[in-house]
Amino acid sequence: MKLLAIVGSPRLKGNTNYLVDQALGEAARLGAQTEKLVLSQYEVNPCLGHKDCASFDSCQQKDDAGWILDRFCQADGVILATPVYWYNVTAQMKAFIDRNYFLYKHDRKSQARAVGVIVVAEMEGIEDTLHTLRQFVDWTFAVEEDRIFIASGYALRPGEVKNNLHLVEEVRKLGRQMVESLKEGS
Ligand SMILES: Cc1cc2nc3c(=O)[nH]c(=O)nc-3n(C[C@H](O)[C@H](O)[C@H](O)COP(=O)(O)O)c2cc1C
């Protein structure tokens, strides 16, 4: 069972990464093979909006999005994690979402059967951010509603979220629930 986390925060020691590590740690403890991809570590350029996207065999942009999207499609479970930047996902996460347009135009969907969503903010914008991610999840995955797990909460400075014990426990639970639901469905 493969669990892939896509992380939109550029802070490697930040809150989102900490929360994702907690979720993946629990998943690994229950036997999942886990992988974390921090988008800022790779070249994932914004979509260029080719009007003939569907006619191309591969995306015209030769950057890291190609292999990341392949891995995204092959994972059994996917976690999407981002801090709130200006009431929404970060630019890194938005570029990744937009690059999924190639899959959409080629009728390709992720085969994931469980999805996790993790969002952290200083104080405002979690609802808007979750709305964006939910729209993406609904278009991109063929996953049942009871296999979508969401955890969100507040922290500001890098690593501060360690003190938000409720949220830390929520994301650990999210990791466990994803593995349990995948085991049920296999
Ligand atoms: C460019 C930028 C925009 C931000 N916009 C918001 C916002 O709209 N609402 C909010 O509550 N926090 C906002 N924040 C704060 C971050 O969401 C917060 O610091 C979060 O913990 C960062 O997570 P990270 O450590 O995983 O990167 C913003 C931070 C930055 C750098």
Side-chain angles (χ1 to χ4, degrees), residues 2-29 32-48 63-65 67-69 71-72 75 77-100 110 112 114-141 148-179:
K2 287 187 194 157
L3 218 66
L4 172 69
I6 305 282
V7 179
S9 171
R11 287 173 168 177
L12 298 182
K13 292 192 179 349
N15 298 313
T16 312
N17 270 288
Y18 179 81
L19 294 173
V20 168
D21 290 345
Q22 297 301 308
L24 292 183
E26 285 293 277
R29 200 174 58 78
Q33 188 186 325
T34 65
E35 181 178 24
K36 183 176 80 166
L37 295 177
V38 180
L39 293 169
S40 63
Q41 301 291 96
Y42 303 100
E43 189 185 348
V44 178
N45 295 312
C47 175
L48 295 175
D63 58 13
D64 290 310
W67 66 263
I68 292 176
L69 286 171
R71 229 171 268 186
F72 175 76
V78 169
I79 295 176
L80 300 165
T82 183
V84 173
Y85 274 17
W86 291 105
Y87 297 83
N88 220 307
V89 299
T90 59
Q92 289 87 345
M93 181 59 83
K94 185 59 165 62
F96 173 76
I97 289 173
D98 288 351
R99 294 296 295 280
N100 271 265
S110 165
V115 176
V117 173
I118 297 174
V119 172
V120 59
E122 176 192 0
M123 57 183 173
E124 273 186 82
I126 284 180
E127 289 307 315
D128 293 308
T129 307
L130 288 177
H131 179 71
T132 297
L133 289 169
R134 270 310 303 244
Q135 302 277 49
F136 175 62
V137 167
D138 291 347
W139 277 99
T140 308
F141 298 93
I148 300 173
F149 304 96
I150 298 171
S152 63
Y154 300 95
L156 174 59
R157 288 181 296 280
E160 190 181 85
V161 79
K162 290 176 195 173
N163 302 324
N164 186 338
L165 298 181
H166 175 73
L167 182 54
V168 171
E169 185 41 47
E170 283 290 298
V171 296
R172 287 180 181 153
K173 191 166 94 184
L174 178 149
R176 290 192 295 274
Q177 285 176 321
M178 286 185 73
V179 173

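These numbers come from the heavy atoms of this one structure, side chains and all, not from hydrogens, waters or symmetry mates. Whatever order the structure lists them in is the order used to number ligands and atoms, beginning at 1.
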Option from Lys173, Arg172, Arg176 for which side chain to side chain donor-acceptor pair (under 3.5 Å) with Glu26 holds: Arg176

How far apart are the C-alpha atoms of Ile97 and Leu133, what are their side-chain angles, what is the distance that settles it, and do they pass the side-chain contact (heavy atoms from CB on, under 4.5 Å) test? CA-CA 9 Å; Ile97 289 173; Leu133 289 169; 4.1 Å; yes

What pairs of donor and acceptor atoms, side-chain ones from residues 159-167 against any protein atom, are under 3.5 angstrom apart with sequence neighbours left out?
unit_1: Glu160; atom_1: OE1; unit_2: Leu156; atom_2: N; d: 2.7
unit_1: Glu160; atom_1: OE2; unit_2: Arg157; atom_2: NH2; d: 3.0
unit_1: Asn164; atom_1: OD1; unit_2: Leu167; atom_2: N; d: 3.1
unit_1: Asn164; atom_1: ND2; unit_2: Tyr154; atom_2: O; d: 3.1

Under 3.5 Å, sequence neighbours excluded: what are the donor-acceptor pairs made by side chains of residues 86-93?
unit_1: Tyr87; atom_1: OH; unit_2: Glu124; atom_2: OE1; d: 3.3
unit_1: Asn88; atom_1: OD1; unit_2: Thr132; atom_2: OG1; d: 2.9
unit_1: Asn88; atom_1: ND2; unit_2: Thr132; atom_2: OG1; d: 3.2
unit_1: Thr90; atom_1: OG1; unit_2: Gly8; atom_2: O; d: 2.7
unit_1: Thr90; atom_1: OG1; unit_2: Met93; atom_2: N; d: 3.3

For ligand 1, list all ligand N or O to protein N or O distances below 3.5 Å, rounded to 0.1 Å.
unit_1: ligand 1; atom_1: 5 (N); unit_2: Val84; atom_2: O; d: 3.4
unit_1: ligand 1; atom_1: 5 (N); unit_2: Trp86; atom_2: N; d: 2.8
unit_1: ligand 1; atom_1: 8 (O); unit_2: Trp86; atom_2: N; d: 3.2
unit_1: ligand 1; atom_1: 8 (O); unit_2: Tyr87; atom_2: N; d: 2.9
unit_1: ligand 1; atom_1: 9 (N); unit_2: Glu124; atom_2: O; d: 2.6
unit_1: ligand 1; atom_1: 11 (O); unit_2: Glu122; atom_2: N; d: 3.0
unit_1: ligand 1; atom_1: 11 (O); unit_2: Met123; atom_2: N; d: 2.6
unit_1: ligand 1; atom_1: 11 (O); unit_2: Glu124; atom_2: N; d: 2.7
unit_1: ligand 1; atom_1: 11 (O); unit_2: Glu124; atom_2: O; d: 2.9
unit_1: ligand 1; atom_1: 12 (N); unit_2: Glu122; atom_2: N; d: 3.2
unit_1: ligand 1; atom_1: 14 (N); unit_2: Val84; atom_2: O; d: 3.3
unit_1: ligand 1; atom_1: 17 (O); unit_2: Val84; atom_2: O; d: 2.7
unit_1: ligand 1; atom_1: 19 (O); unit_2: Leu156; atom_2: O; d: 2.8
unit_1: ligand 1; atom_1: 21 (O); unit_2: Asn15; atom_2: ND2; d: 2.9
unit_1: ligand 1; atom_1: 21 (O); unit_2: Ala155; atom_2: O; d: 2.8
unit_1: ligand 1; atom_1: 21 (O); unit_2: Leu156; atom_2: O; d: 3.4
unit_1: ligand 1; atom_1: 25 (O); unit_2: Arg11; atom_2: NH1; d: 2.8
unit_1: ligand 1; atom_1: 25 (O); unit_2: Asn15; atom_2: N; d: 2.8
unit_1: ligand 1; atom_1: 25 (O); unit_2: Asn15; atom_2: ND2; d: 3.4
unit_1: ligand 1; atom_1: 26 (O); unit_2: Ser9; atom_2: OG; d: 3.3
unit_1: ligand 1; atom_1: 26 (O); unit_2: Asn15; atom_2: N; d: 3.2
unit_1: ligand 1; atom_1: 26 (O); unit_2: Thr16; atom_2: N; d: 2.7
unit_1: ligand 1; atom_1: 26 (O); unit_2: Thr16; atom_2: OG1; d: 2.6
unit_1: ligand 1; atom_1: 27 (O); unit_2: Ser9; atom_2: OG; d: 2.7

Is it the case that atom CH2 in Trp67 sees more than 12 heavy atoms from other parts of the structure closer than 6.0 Å? yes

Scan residues 36-46 for pairs that pass side chain to side chain donor-acceptor pair (under 3.5 Å), counting only residues two or more places apart or in two chains. Asn17-Lys36, Asp21-Lys36, Glu43-Asn45, Asn45-Asp63

